[in-house]
J.: 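The structure follows.
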Amino acid sequence: MTPEQLRDLVRTAVGAAVERGTLAVAVPDDLVVERPRNPEHGDYATNVAMRLAKPAGRPPREVAEVVAEELRALDGIDRVDVAGPGFLNITLAQGALGRLAVDVVTAGEAYGRTGALAGTRIDLEFVSANPTGPVHIGGSRWAAVGDAIGRLLEASGADVTREYYINDAGAQIDRFARSLQAAATGQPVPEDGYGGTYIADIAAQVVAVEPDVTGRDEAAQVQAFRERGVALMVDEIRRSMEDFGVDFDVWFSEKSLYDSGAVEKAIGRLRDQGHVYEADGAVWLRTTTFGDDKDRVLVKADGETTYFASDCAYYLDKRARGFDKVVIMLGADHSGYVGRYKALVAATGDDPAEHLEILIGQLVNLLRGGEPVRMSKRAGTIVLLSDLVDAIGVDAARYALARASVDQMIDIDVDVWSRQTNDNPVFYVQYAHARISSLLRNAADLGLPLGEATAVEAGLLTHERENDLLRALAEFPRVVTSAAELRAPHRVARYLEELAGTYHRFYDACRVLPRGDEEVTPLTTARLWLCAATAVVLRNGLAVLGVSAPERM
RNA sequence: GCGCCCGUAGCUCAGCGGAUAGAGCAGGUGCCUUCUAAGCACUUGGUCGCAGGUUCGAGUCCUGCCGGGCGCGCCA
């Protein structure tokens, strides 16, 4: 039995009491059934009586007794105790809990998935690093976390489009193009240009494709380096994302919004809606109407449009593509962007609370040997996502980046991370999976298939460690659901660490396979199912994080 | 100055109003002729930054302070 099923039983019990007239309240729909920390408090506990005490106008413990009485009569419940201030401590009937092992294996990949967001189309934008250089280590966090959030939303049934916004318009792209041109022609790095070694690589690639490029006039050269260079840079970024296990569905060009006239149209639309005005020679969007700190410029006095102007067009484009919700993940260095973006959405006539969600994640702190490293594209002290992957591998990198709350700043010391790969909890989790895989291989070698689900005597799983493991497995769907709701993939990681620990302790205490000439018993089979169920949950959980579940280590 | 985030064990961090606050690492002591020891058991370690408030109950919510990070451009 899962906590969800038990919650339904509790609801049924409350309803029965109301029916009977022993309790005068409305049946709550937000009641909580959870696994108590202390095993003496039963398999599950609920605070429903404490929540109902006030509406019922009776002491919590009295309400608890009433509900407990109804609950005891239900199927699958062994005992119900009233404890403390009014908790109901519930112990499930033999077998009701163990049956979960069979249910999990049967559900397989579907275990933990829900339909909570079925029918919702979500556009999820993350990373979106400028195509003026490779993705550095700061962007790696958003790659790991953003993709995991996408997987979580998908696990909740949402239709997710992963999107990368390519800032291929504007001044920084001009600087990039001029830097390429300078590198190709042997000139020094321009003022405010980019000087990393990758610039020379890209420049050489452009020249390889267009050997005569350096013979053209200045403007034509810069033009060619801009187009070819950006395309090559985007290719490189795409490759590093793919190598990291992140596949974007859409690579959206900012420049295309200008080329198609979408930016002009967006400004026109906002003007028609009465939110645009002119002052000091510039065109402004009156975002203060919608709670922003100050109004924002769309077109500068020199006639150039701002980044914000293309954002207006970009948002409208996303909505026109049919997304119900636009989610954007940004680093804390862009937190000032939230207010104006919400205002923009409101100005278009949408409700920001419904259609927009901006997730802010704290920045990574890059260290080397304990010393802070200041990254500079000019000085070449840039540390790349690929450097991290080369050092510790995709699994370890993704896991380490995703296991921290995005509200928390994290230190990445490539030296330390490289040296201490065995300290990365990912291996603890993966090891549990490899261990089970090995055990199931051995079982197969002994001619011990799992067999028919109906034949499993789940009631035999009565050992304390077995119960711990079953309860942990039962939690998984709730962990996924809440992690998805909170956009907090780190919760899945932390859960997996607990599950792995629970499994290791079970493994230590409960022999699964017969040794020597021992006989195969129904308990052997039941435990095999329990192991298989654990492997399923470890796989499903790791999959949410984009981390592999190895069969051997 | 204003906005957002953080402050929990020696270190790095979990803890979406619940019972005796947890994990990893670091330190100490044990456990492999039997399913993977990348494991397990035991053990050391806490004014949950400080002060008020809200309530049956606060690490969690509110207010004010202290300390740290980020942001407050006709930059991106």
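In what follows, chains are A, B, ... by sequence order, proteins preceding strands, each numbered from 1.
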J.: Atom CG of A:Leu367 to atom C1' of B:rG69: distance rounded to whole Å?
T.: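 Rounded to whole Å, this separation is 14 Å.
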J.: Roughly, in whole Å, what's the span from OH in A:Tyr399 to C1' in B:rA23?
T.: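 Rounding to the nearest Å, OH of A:Tyr399 and C1' of B:rA23 are 11 Å apart.
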J.: Quickly work out the A:Asp280 CG to B:rG73 P distance and round it to whole Å.
T.: 15 Å
J.: Can you give me the closest heavy-atom contact between A:Arg539 and A:Ala549, atom names plus distance?
T.: CG-CB, 3.6 Å
J.: Could I get the full list of ring-ring contact (aromatic ring centres under 6.0 Å, His included) partners for A:His504, not counting sequence neighbours?
T.: A:Tyr428, A:Tyr431
J.: Can you give one letter per nucleotide of nucleotides 7-18 of chain B, 5' to 3': B if a protein heavy atom sits under 4.0 Å from the base, S if only from the sugar-phosphate, - if neither?
T.: ------SSSB-B
J.: Using atom C1' in both nucleotides, what's the gap between B:rA19 and B:rU29 to the nearest angstrom?
T.: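 Nearest-Å result for B:rA19 against B:rU29 at atom C1': 32 Å.
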J.: Can you give me the closest heavy-atom contact between A:Ile412 and A:Leu366, atom names plus distance?
T.: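 Heavy-atom minimum between the residues: O-CD1, 3.4 Å.
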J.: My understanding is that only one of A:Val10, A:Val33, A:Asn89 makes a side chain to side chain contact (heavy atoms under 4.5 Å, CB included) with A:Tyr44; could you say which?
T.: A:Val33
J.: May I have the distance from A:Leu330 (atom CG) to B:rG3 (atom P), rounded to whole angstrom?
T.: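 It is 21 Å, rounded to the nearest whole Å.
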J.: Between A:Tyr428 and A:Gly84, which is nearer to the 5' end of RNA chain B once each is assigned its nearest nucleotide?
T.: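 Closest to the 5' end, via its nearest nucleotide, is A:Gly84.
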J.: When rounded to the nearest Å, what value does the distance between P atoms of B:rA21 and B:rU47 take?
T.: 13 Å
J.: Assess whether atom CD of A:Glu65 is packed by more than 12 heavy atoms of other residues, nucleotides or ligands within 6.0 Å.
T.: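 Enclosed.
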J.: Pick the P atom in B:rC6 and in B:rG22, then give their distance to the nearest Å.
T.: 23 Å
J.: Please determine, for the side chain of A:Tyr431, which listed nucleotide (B:rC74, B:rC40, B:rA38) has the closest atom?
T.: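 Side chain of A:Tyr431 sits closest to B:rA38.
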J.: Minimum heavy-atom separation for A:Val426 and A:Asp395, please, with both atom names.
T.: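 Result for this residue pair: CG2-O, 4.2 Å.
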J.: Base, sugar-phosphate, or nothing: which does A:Asp445 touch, judged by heavy atoms less than 4.0 Å apart?
T.: nothing
J.: Just compare B:rC56, B:rA76, B:rG39 and give me whichever is closest to any side-chain atom of A:Gln172.
T.: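 Given the options B:rC56, B:rA76, B:rG39, the side chain of A:Gln172 is closest to B:rA76.
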J.: At less than 4.0 Å, is any side-chain N or O atom of A:Lys300 found next to OP1 or OP2 of B:rG73? Yes or no.
T.: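 Indeed not, no polar side-chain atom of A:Lys300 lies that close.
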J.: Applying ring-ring contact (aromatic ring centres under 6.0 Å, His included), name anything that partners A:Tyr503, two or more places apart in sequence or on another chain.
T.: A:Phe506
J.: What pairs meet the side chain to side chain donor-acceptor pair (under 3.5 Å) rule with one or both residues in residues 517-526 of chain A, with sequence neighbours excluded?
T.: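 The answer is A:Thr521-A:Thr524.
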J.: Is there any side chain to side chain donor-acceptor pair (under 3.5 Å) pair reaching into residues 439-451 of chain A, and which pairs are they, with sequence neighbours excluded?
T.: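 Counting only pairs at least two positions apart or across chains, no side chain to side chain donor-acceptor pair (under 3.5 Å) contact touches residues 439-451 of chain A.
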J.: With sequence neighbours excluded, tell me which residues meet salt bridge (charged side-chain N to carboxylate O under 4.0 Å, His left out) with A:Asp168.
T.: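 For A:Asp168, no residue satisfies salt bridge (charged side-chain N to carboxylate O under 4.0 Å, His left out) once neighbours in sequence are set aside.
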J.: Quick one: sort the A:His334 and A:Tyr337 rings into parallel, tilted or perpendicular, breaks at 30° and 60°.
T.: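 Because their plane-to-plane angle is over 60°, the rings of A:His334 and A:Tyr337 count as perpendicular.
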J.: By nearest atom, which of the nucleotides B:rU55, B:rA76, B:rU36 is closest to the A:Lys54 side chain?
T.: B:rU55
J.: Taking the C1' atom of each, how far is B:rC13 from B:rG46, in whole Å?
T.: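 Each nucleotide's C1' atom is 15 Å from the other's.
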J.: Can you tabulate the close N/O pairs, meaning under 3.5 Å, that link protein atoms to atoms of nucleotides 42-46 of chain B?
T.:
none

J.: When you look at CZ of A:Arg79, are more than 12 heavy atoms from neighbouring residues, nucleotides or ligands closer to it than 6.0 Å?
T.: no
J.: In plain terms, say whether A:Glu357 and A:Arg487 are close enough for a salt bridge, that is, a side-chain N and a carboxylate O under 4.0 Å apart.
T.: yes
J.: Round to the nearest Å and state the distance from A:Ile436 atom CD1 to B:rG39 atom C1'.
T.: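 About 13 Å, once rounded to whole Å.
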J.: Would you call A:Asp468-A:Arg471 a salt bridge at under 4.0 Å N-O?
T.: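 Yes, this pair counts.
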J.: What's touching nucleotides 31-35 of chain B from the protein side, N or O pairs under 3.5 Å?
T.:
| residue | atom | partner | partner atom | Å |
| --- | --- | --- | --- | --- |
| B:rU34 | O2 | A:Arg515 | NE | 3.3 |
| B:rU34 | O2 | A:Arg515 | NH1 | 2.7 |
| B:rU34 | N3 | A:Arg515 | NH1 | 2.4 |
| B:rC35 | O4' | A:Arg511 | NH2 | 3.2 |
| B:rC35 | O3' | A:Asn442 | ND2 | 2.9 |
| B:rC35 | O2' | A:Asn442 | ND2 | 2.8 |
| B:rC35 | O2 | A:Leu513 | N | 3.1 |
| B:rC35 | N3 | A:Val512 | N | 3.2 |
| B:rC35 | N4 | A:Tyr507 | O | 2.9 |
| B:rC35 | N4 | A:Cys510 | O | 3.3 |

J.: Does A:Trp251 have its ring centroid less than 6.0 Å away from the ring centroid of A:Tyr164?
T.: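 Yes, they do, as the ring centres are separated by less than 6.0 Å.
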J.: With the criterion being N/O to N/O and under 3.5 Å, what pairs connect the protein with nucleotides 70-72 of chain B, and how long is each?
T.:
| residue | atom | partner | partner atom | Å |
| --- | --- | --- | --- | --- |
| B:rC70 | O2' | A:Ala332 | O | 2.7 |
| B:rC70 | O2' | A:Asp333 | N | 3.3 |
| B:rC72 | O3' | A:Lys294 | NZ | 3.1 |

J.: A:Glu62 has an atom CD; how far is it from atom C1' of B:rC56, in whole Å?
T.: 15 Å
J.: Does A:Lys318 have more than 12 heavy atoms from other residues, nucleotides or ligands lying within 6.0 Å of its NZ?
T.: yes
J.: Looking only at atom P, what distance separates B:rC62 and B:rA58, rounded to whole Å?
T.: 16 Å
J.: Give the dot-bracket line for RNA chain B from 5' end to 3' end: parentheses for intra-strand Watson-Crick or G-U pairs under 3.5 Å, square brackets for crossings, | for inter-strand pairing, dots for unpaired.
T.: (((((((..((((....[...)))).(((((.......))))).....(((((..]....))))))))))))....
J.: Is A:Glu551 touching bases, backbone alone, or none of the nucleic acid, heavy atoms closer than 4.0 Å?
T.: base
J.: Could you work out the separation of B:rU44 and B:rA23 based on their P atoms and round it to a whole Å?
T.: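 These two P atoms come out 12 Å apart once rounded.
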J.: Quick one: A:Leu469 CG to B:rC40 C1', roughly how many Å, whole number?
T.: 15 Å
J.: Can you tell me how far P in B:rG59 sits from the matching atom in B:rG18, rounded to whole Å?
T.: 11 Å
J.: Which part of the nucleic acid does A:Ala432 contact within heavy-atom distance under 4.0 Å: base, sugar-phosphate only, or nothing?
T.: nothing
J.: Measure the distance from CZ on A:Arg61 to P on B:rG57 and round it to the nearest whole Å.
T.: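 The answer, rounded to whole Å, is 17 Å.
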J.: Would you mind listing every salt bridge (Lys or Arg N to Asp or Glu O under 4.0 Å) that reaches into residues 295-311 of chain A, with sequence neighbours excluded?
T.: A:Asp292-A:Arg296
J.: Hey, can you tell me if A:Tyr165 and A:Tyr314 have their rings parallel, tilted or perpendicular (30° and 60° cut-offs)?
T.: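 Because their plane-to-plane angle is under 30°, the rings of A:Tyr165 and A:Tyr314 count as parallel.
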J.: Base, sugar-phosphate alone, or nothing: which one does A:His504 contact when heavy atoms must sit under 4.0 Å apart?
T.: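 The residue A:His504 makes sugar-phosphate contact but no base contact.
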J.: Syn if the chi torsion is within 90° of 0, anti otherwise; quick check, which is B:rC32?
T.: syn
J.: Just to verify, what does A:Arg271 make a side-chain contact (heavy atoms from CB on, under 4.5 Å) with, not counting sequence neighbours?
T.: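 Per chain and number, A:Arg271 pairs via side-chain contact (heavy atoms from CB on, under 4.5 Å) with A:Ile267, A:Val276, A:Glu278, A:Val283.
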J.: Quote, to the nearest angstrom, the P distance that separates B:rC25 from B:rC35.
T.: 23 Å
